[in-house]
Amino acid sequence: MRESRGTLSIVENSDRKDPAAARSALDGVASARAALADRASAPWWYHAGLGLGVGLAFVSIDVGGSLVPSGVVAGGIVLPVALTLGVARSRGVSVDRSVSAPGTRGLNGLHLVLLLVLGAVGLGLKLAADVPGAMSAAGLVALALTVYVTRRNDAALRRDLLRRA
């Protein structure tokens, strides 16, 4: 076993009674968080792409046939993963907790419930009442709802990062 006596942080090396040094360190942290908040916001195409993915899953069910499994997999799994990787690469940071920002937890739960309700209503109208395009109409609503919620998630994440700065 080897013993190490290195310092753990810059604070240990600085004079604890120097308020100017403490303020400077805090200002550095605040500016780094502000820069991160600017880079953490996703571009417009990310929100539109997630909405299109959800809409594609709904529309593929309406079209039927072999499009059902491929549309659900492409719209619900492949497209969101590709968009998430693309946005992480484009902005230089990977944000994996934007959906758990304090300001959006309830909104994301409601979003999930509304997507399930839209799917159930659309599928019920398609199968039980034989309403043509019911799942496509539900998909358009789901698309718009998803774009709205993901944009709110971004704004809440940015606020959360700036608030802690």
Peer 1: Supply the atom-to-atom distance Leu107 CG to Tyr148 OH, rounded to the nearest 0.5 angstrom.
Peer 2: 6.0 Å
Peer 1: Looking only at atom types and distance, does a side-chain atom of Lys126 sit under 3.5 Å from a main-chain N or O of Gly133, one as donor and one as acceptor?
Peer 2: no
Peer 1: For residues Ala134 and Asp62, report the shortest heavy-atom separation together with the two atoms involved.
Peer 2: N-OD2, 3.8 Å
Peer 1: Answer yes if Tyr46 and Ile77 sit in the same cluster of Ile, Leu, Val, Met, Phe, Trp and Tyr residues linked by side chain heavy atoms under 4.5 Å apart, and no otherwise.
Peer 2: no
Peer 1: Let me confirm one number: the CG-OG distance from Leu56 to Ser70, rounded to the nearest 0.5 Å.
Peer 2: 8.0 Å
Peer 1: Of all the heavy-atom pairs spanning Ala142 and Val54, show the shortest one and how long it is.
Peer 2: CB-CG1, 3.6 Å
Peer 1: Out of Asn153, Val147, Thr146, which residue meets the side-chain contact (heavy atoms from CB on, under 4.5 Å) rule with Val149?
Peer 2: Asn153
Peer 1: Report yes or no: do Leu83 and Trp44 belong to one cluster of Ile/Leu/Val/Met/Phe/Trp/Tyr joined by side chain heavy-atom distances under 4.5 Å?
Peer 2: yes
Peer 1: Between Ile61 and Val68, which heavy-atom pair has the shortest distance, and what is it?
Peer 2: CA-CG2, 4.0 Å
Peer 1: For residues Leu79 and Leu50: do they belong to one hydrophobic cluster (side chain heavy atoms under 4.5 Å, members Ile, Leu, Val, Met, Phe, Trp, Tyr)?
Peer 2: yes
Peer 1: Honestly curious: do Leu140 and Leu114 fall in one hydrophobic cluster under the side-chain, below-4.5 Å linking rule?
Peer 2: no
Peer 1: Could you state whether Leu52 and Val59 fall into the same hydrophobic cluster, counting links through intermediate Ile, Leu, Val, Met, Phe, Trp or Tyr residues with side-chain heavy atoms under 4.5 angstrom apart?
Peer 2: no
Peer 1: Under 6.0 Å from the CZ atom of Arg151, do we count more than 12 heavy atoms belonging to anything else shown?
Peer 2: no
Peer 1: Where do Phe58 and Leu118 come nearest, in terms of heavy atoms and distance?
Peer 2: CE2-C, 3.9 Å
Peer 1: Considering non-hydrogen atoms only, spot the tightest contact between Ala138 and Gly122 and give its length.
Peer 2: CB-CA, 4.3 Å
Peer 1: Could you walk me through whether Leu145 and His111 pass the side chain to side chain contact (heavy atoms under 4.5 Å, CB included) test, one step at a time?
Peer 2: CA-CA 7 Å; Leu145 182 65; His111 178 234; 3.5 Å; yes
Peer 1: Can Ser41 and Asp154 be counted as having a side-chain donor-acceptor contact under 3.5 angstrom?
Peer 2: no
Peer 1: Might you point out which heavy atoms bring Leu67 and Ser60 nearest each other, and give the distance in Å?
Peer 2: O-CB, 3.3 Å
